[in-house]
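Let me begin by presenting the structure, written as structure tokens, before commenting on it.
Not measured: the values here are computed from a predicted model.
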Amino acid sequence: MARSILLLQSILCAATLALALDISGRIAWNDLCPNTTTLGQAKASLDNGVFTGGVVQDGTFTIPGVSDGTHILSIISHDYSFDQLRVDVNNSNSLIEVRPYVAGTPMNPPSSVLLSYPVLVTPREKYVYFAPPESFNLAGMFSNPMMLLMIGGAGMVLAMPYLIKNLDPEALEDFKEQQGKLGGIQSAFQSGDFKSGISAIMAAADEPNPPAQLNKGGGTTKARVNKKSKR
């Protein structure tokens, strides 16, 4: 019984191979890829490697034992890209039809454009695996937000002495006082004395604004300054 099954399988396989067709084609050399040496190792593939055949020295290839149905032909090369083609195989009529194919398009209905057989494929593009490093770009560097923050901070540091120099003496004293309080708060937090730091913050928040000083004539200092300016 087992021998009969094996014999039947062998007959079916032989019949399938007898009905299967070979697909042949050729690579059309161009200026991009003039010969097999430039092309390197390559192979013709149907349906992502279900049927394959190597490309020989003169650029021809043969894919043996292709079954009935619709197949997608690709040339697999390390350095070059090729167009994919649709190949319809009808073993009963020994008919092979070749049509253009764009990846991602539906298989049906098939294109009305028929290409010649044996298959003719042409190298379309050479892959570029090396990307040259970017050159120094001054404008690109200054468009970086971090660089703009650094430049703004450096400008403030450089301009601060001139701003302090032109301040009113009273405003300068207030500024120094505030700086001293801020330094004390920072020192308290850095030393781990959080209680003193929080107390200093609360005291600064509750401190009332100083009243305007009266001059001998009963007016405020600000009013006296305004009178002088009018004169």
Handout entry: Nearest-0.5 Å distance that lies between atom CG in Leu85 and atom OH in Tyr101
Key = 11.5 Å

Problem - Donor-acceptor contact present, side-chain Arg86 to main-chain Met107, <3.5 Å - result: yes

Exercise for the section: Treating Ile, Leu, Val, Met, Phe, Trp and Tyr as nodes and any side-chain heavy-atom pair under 4.5 angstrom as an edge, say whether Ile75 and Leu32 lie in one connected cluster. Expected result: yes

Problem - Rounded distance (nearest 0.5 Å) linking atom OH of Tyr127 with atom OH of Tyr129 - result: 6.5 Å

Practice task
Could you tell me whether Asn108 atom CG has more than 12 heavy atoms of other residues or ligands within 6.0 Å of it?
Solution key: yes

Exercise for the section: Search all heavy atoms of Phe61 against all heavy atoms of Ala44 and return the closest pair with its distance. Expected result: CD1-CB, 3.4 Å

Fill in the blank from the handout: Test side-chain contact (heavy atoms from CB on, under 4.5 Å), reference Tyr117, set Val119, Leu115, Leu114, output is Val119

Practice task
Starting from the C-alpha separation in whole Å, work towards a yes-or-no answer on side chain to side chain contact (heavy atoms under 4.5 Å, CB included) for Leu73 and Ile63.
Solution key: CA-CA 10 Å; Leu73 172 67; Ile63 304 175; 3.8 Å; yes

Exercise for the section: Say whether Val98 and Val113 are linked into one hydrophobic cluster, either directly or through other cluster members, by side-chain heavy-atom distances under 4.5 angstrom. Expected result: yes

Exercise for the section: First locate atom CG of Asn35, then atom OG1 of Thr38, and finally report the distance between them rounded to the nearest 0.5 Å. Expected result: 3.5 Å

Problem - Cluster overlap Phe51 with Ile72, hydrophobic side-chain contacts below 4.5 Å - result: no

Fill in the blank from the handout: One should read off an interatomic distance between Asp58 CG and Thr36 OG1, to the nearest 0.5 angstrom, of 7.0 Å

Exercise for the section: Look up atom CZ in Arg26 and atom OG1 in Thr122, then write down how far apart they are to the nearest 0.5 Å. Expected result: 8.5 Å

Exercise for the section: Under the side chain to side chain contact (heavy atoms under 4.5 Å, CB included) rule, what do Leu21 and Ser94 come out as? Steps first, then yes or no, please. Expected result: CA-CA 7 Å; Leu21 295 178; Ser94 298; 4.2 Å; yes

Handout entry: Main-chain N/O of Cys33 paired to Asn30 side chain as donor or acceptor, under 3.5 Å
Key = yes

Practice task
Following the transitive rule for hydrophobic clusters with a side-chain heavy-atom cut-off under 4.5 Å over Ile, Leu, Val, Met, Phe, Trp and Tyr, establish whether Leu120 and Ile27 coincide in one cluster.
Solution key: no

Practice task
Keeping the roles fixed (side chain from Asp22, backbone from Gly65), state whether a donor-acceptor pair exists under 3.5 Å.
Solution key: yes

Practice task
Would you please name every residue forming a salt bridge (charged side-chain N to carboxylate O under 4.0 Å, His left out) with Arg99, sequence neighbours left out?
Solution key: Asp88, Glu97

Exercise for the section: Using salt bridge (charged side-chain N to carboxylate O under 4.0 Å, His left out) as the criterion, list what pairs up with Glu125, not counting sequence neighbours. Expected result: none

Handout entry: Option from Thr52, Asn48, Leu46, Asp47 for which side-chain contact (heavy atoms from CB on, under 4.5 Å) with Val50 holds
Key = Asp47

Exercise for the section: Give, for atom OG of Ser77 and atom NZ of Lys43, the distance between the pair rounded to the nearest 0.5 Å. Expected result: 11.5 Å

